[in-house]
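Encoded as structure tokens, the structure appears first; notes follow it.
Residue numbering restarts at 1 for every chain, and letters A, B, ... go by the order of the sequence lines. Scope of the values below: all heavy atoms of this structure, side chains included, with no hydrogens, waters or symmetry mates.
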Amino acid sequence: MFDIKWIRDNPDAFDKAMSQRKNLSVRSADLIAIDERRRQVIVRLNEAQEKRNTLSKQIGQAKAQKDEAKAAELMAEVARLKDFIPSGEAEERAVEKELRDALSAIPNMALDDVPVGDDESGNVEYFGLNGSPATAAGMRPAKPSFAFAPKEHFDIGVADKNMDFEIAAKLSGSRFVVLKGQVARLERALGQFMLDLHTNEHGYLEVQPPFLVRDEAMYGTGQLPKFDGDFFFTAHGESRLALIPTAEVPLTNLVRESILAEEELPLRFTALTPSFRSEAGSAGRDTRGMLRQHQFNKVELVSVTTPEESVNEHERMLACAETVMQRLGLHYRVMNLCTGDMGFSARKTYDIEVWLPGQDTYREISSVSVCGDFQARRMEARYRPAGEKQAPRYVHTLNGSGTAVGRCLIAVLENYQQEDGSVLIPEALQPYMNGLTAIGGR
RNA sequence: GGAGAGAUGGCCGAGUGGUCGAAGGCGCACGCCUGGAAAGUGUGUAGGCGGGGAACCGUCUCGAGGGUUCGAAUCCCUCUCUCUCCGCCA
């Protein structure tokens with residue numbers, strides 16, 4: 001959420017940023033007009049309240065001195081104010097809500113180095129800040145070559161036997177899968193491997209959060225109010241709870257409504273959780289296989305930092321996610337998303353796209369975003385800067401997949417498939433697979 | 001699900017209609033004291049919003065939201081959460 005004061009002071013920068021986003025007709029002038037009304041109401045209301053408070057104290061004093069006549073006189077005077085105060089309060093609430101509603105539907109503003117573009121065709125490949133492109137690329141596993149035509153994951157022998165879409169459809173409908181045997185085991189191994197990597201080597205705190213959250217939490221990270229239709233909700237008394245579309249929601253909201261000490265930062269959280277998405281707008285897309293499911297496991301990374309550190313933390317988080325690809329020997333590229341392709345809360349986003357030889361294409365397996373204070377303002381998450389008597393400031397939040405387990409399973413299957421339908425197990429996963437070096441062999 | 005108790009500042013804890021954003025204690029910060037420290041001692045110690053160049057001033061906030069009243073931490077209503085006992089249960 002934007003700070004209206006910032007918009008007031010930087011209307012041109014705001015309008016320029018909004019023009020770079022897709023399908024938006026937001027103008028600073030409209031917001032400033034609401035704010036103008038809001039402040040007028042506040043000034044009038046405060047004046048009336050001040051008068052009331054002063055007179056009420058005098059009534060108290062008069063009563064203490066048993067001067068009933070004076071008290072009655074003052075009470076008559078203050079009674080006249082009563083016409084305005086309740087309506088003024090109602091008016092203030094209404095205009096505050098109007099402003100908040102308007103602001104909460106506005107997406108974040110891109111950082112200066114984000115490429116401007118309308119859609120994914122405007123994304124730019126990213127080779128890392130440090131070192132030459134060649135150095136960064138040198139850390140990335142090479143594209144595998146095959147002596148046969150590589151298959152898509154669901155056609156590979158071992159997966160074909162252990163990935164049951166038919167029974168899943170009977171249980172739950174389309175876009176669900178039942179994994180069995182060694183494929184189920186491999187999925188579990190991937191999740192454990194990633195979680196261990198981030199907790200043991202990258203300094204993230206393991207968290208096991210709720211998978212059902214209130215609307216307020218979804219609002220805090222920016223999923224609501226705009227994208228209500230993208231998620232699953234379950235009835236809960238008179239109310240409802242959302243099934244988390246990503247662990248970003250509970251992990252980021254861990255700091256909501258709090259004032260942290262600067263010394264505590266950065267906070268780094270990771271969790272392995274299911275993610276639930278309605279995929280309402282993607283009918284007919286990626287219908288085969290388990291690329292796009294209503295439910296999938298994901299290891300999420302969340303960092304909470306100071307404004308000064310958030311951009312560095314973004315690069316660090318990207319490196320943490322890239323390490324997963326590197327350890328698994330999966331070829332990938334990193335894209336710097338353009339303004340038109342970024343999510344609602346992000347100021348800048350890197351997508352890691354893994355190579356899928358069966359599809360002969362790159363597919364997103366991780367998305368790493370820095371959100372600035374956008375979510376913090378929605379969550380009321382602040383920190384007190386070190387040193388004496390500093391006012392609290394909003395924290396900066398970041399989130400990234402580290403990585404999507406379901407899609408990583410697809411990537412391992414497709415990249416390590418053998419002609420006989422078996423799949424080799426990357427070395428890093430073998431300890432999690434009871435030492436197996438391959439699955440699906442005879 | 002039934003019955004009951006509770007929610008006050010960073011923490012503990014007073015406060016049941018009047019000058020209370022709120023006693024006292026702890027913690028913390030700065031100072032004094034000390035060769036240095038401890039002890040002692042003094043001062044300070046919430047956030048939001050609005051006005052103002054600033055100093056500062058006003059206003060709102062005692063779980064949340066409404067209401068009663070000239071005036072609410074204190075009275076009423078609704079909600080949320082926590083705790084205890086019973087029931088049920090992985």
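- Both tests hold for Arg378(A) against Tyr219(A): distance to the six-membered ring centre under 6.0 Å, angle to the ring axis within 45°.
- The side chain to side chain donor-acceptor pair (under 3.5 Å) with Asp351(A) is formed by just one residue from the set Ser366(A), Ser367(A), Ser401(A), Ser369(A); it is Ser367(A).
- Which of C49(B), C70(B), U59(B) sits closest to the side chain of Met75(A) comes down to C70(B).
- Mapped onto RNA chain B by nearest heavy atom, Glu50(A) and Ile42(A) fall at different nucleotides, with Ile42(A) at the one closer to the 5' end.
- Distance noted for atom C1' between A54(B) and U69(B): 39 Å (whole Å).
- Distance from the side chain of Arg384(A) is smallest for G47(B) among the nucleotides G47(B), C60(B), G50(B).
- Of the candidates G47(B), G50(B), G58(B), the closest approach to any side-chain atom of Arg38(A) belongs to G50(B).
- Taking atom C1' in both C12(B) and A7(B), the straight-line distance is 14 Å, to the nearest Å.
- The nucleotide whose nearest atom lies closest to any side-chain atom of Arg39(A) is, among G47(B), C60(B), G51(B), G51(B).
- In this structure, the nucleotide among G50(B), C70(B), U59(B) sitting nearest to the side chain of Val78(A) is C70(B).
- Whole-Å rounding puts the Glu264(A) CD to G10(B) C1' distance at 11 Å.
- Phosphate contact (OP1/OP2 of C81(B), side-chain N/O of Arg214(A), threshold under 4.0 Å): present.
- For the pair Glu96(A) CD and G48(B) C1', the interatomic distance rounds to 10 Å; values are reported in whole Å.
- Pair assignment for G4(B) gives C83(B), based on Watson-Crick or G-U wobble hydrogen-bonding distances that are each under 3.5 Å.
- Taking every side-chain heavy atom of Arg8(A) into account, G50(B) is the closest of G47(B), U80(B), G50(B).
- Regarding contacts with the backbone of G48(B), every side-chain N or O of Arg377(A) stays at 4.0 angstrom or more from both OP1 and OP2.
- On the C1' atoms, A23(B) is 24 Å away from C30(B), given to the nearest whole Å.
- Put simply, CZ on Arg382(A) is 10 Å from P on G10(B), counting in whole angstrom units.
- In this structure, Asn53(A) places its CG atom 8 Å from C1' of U59(B), rounding to the nearest Å.
- Spacing of P atoms, C11(B) relative to U16(B), comes out at 23 Å, to the nearest Å.
- Taking atom P on both U8(B) and A3(B), the two are 25 Å apart, rounded to the nearest angstrom.
- Atom name C1', nucleotides G2(B) and C60(B): the rounded distance is 40 Å, in whole Å.
- Ring geometry for Phe227(A) against Phe344(A) counts as perpendicular: the plane angle is over 60°, on a 0 to 90° scale with 30° as the lower cut.
- In the set U19(B), G47(B), G50(B), U19(B) carries the atom at the smallest distance from any side-chain atom of Lys57(A).
- The pairing partner recorded for G10(B) is C26(B), the criterion being a Watson-Crick or G-U wobble arrangement whose two distances lie under 3.5 angstrom.
- Base pairing analysis places C62(B) opposite nothing; no Watson-Crick or G-U wobble pair with both distances below 3.5 Å involves it.
- When the C1' atom is compared between U74(B) and U68(B), the two are found 13 Å apart, to the nearest whole Å.
- Proximity note for Val43(A) (side chain, C-beta onward) versus G50(B), G48(B), C81(B): the nearest is G50(B).
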Item to check | side-chain contact (heavy atoms from CB on, under 4.5 Å) between Arg44(A) and Glu91(A), intermediate numbers included | outcome: CA-CA 11 Å; Arg44(A) 276 197 296 152; Glu91(A) 202 180 335; 3.7 Å; yes
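- Salt-bridge annotation for Arg393(A) and Glu262(A): absent, with no side-chain N of the basic residue lying under 4.0 Å from a carboxylate O of the acidic one.
- In this structure, Ile59(A) reaches the bases: a heavy-atom distance under 4.0 Å links it to at least one base atom across the strands shown.
- To the nearest angstrom, C1' of G51(B) lies 13 Å from CD of Glu36(A).
- Pair assignment for A72(B) gives none, since no Watson-Crick or G-U wobble pairing has each distance under 3.5 Å.
- Nearest to the side-chain atoms of Lys5(A) among the listed nucleotides C70(B), C49(B), G58(B) stands C49(B).
- Only the P atoms considered, U41(B) is 48 Å distant from G4(B), to the nearest whole Å.
- In this structure, the CD1 atom of Ile259(A) is 15 Å from the C1' atom of C11(B), given to the nearest Å.
- With a cut-off of 3.5 Å on both pairing distances, A90(B) has no Watson-Crick or G-U wobble partner at all.
- Below 30°, between 30° and 60°, or above 60°: for His198(A) and His202(A) the angle between ring planes is between 30° and 60°, a tilted geometry.
- Contact annotation: the side chain of Arg363(A) approaches that of Asp286(A) to within less than 4.5 Å [non-hydrogen atoms, C-beta and beyond].
- If you take CD of Glu77(A) and C1' of C70(B), they are 11 Å apart, rounded to a whole angstrom.
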Checklist entry - Could you go step by step and tell me if Asn312(A) and Thr305(A) meet the side-chain contact (heavy atoms from CB on, under 4.5 Å) rule? => result CA-CA 10 Å; Asn312(A) 290 337; Thr305(A) 74; over 6 Å; no
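- If you measure from atom CG of Leu55(A) to atom P of G18(B), you get 19 Å, rounded to the nearest angstrom.
- Comparing Glu47(A) and Arg93(A) by the nucleotide of RNA chain B that holds the closest heavy atom to each, the one mapping nearer the 5' end is Glu47(A).
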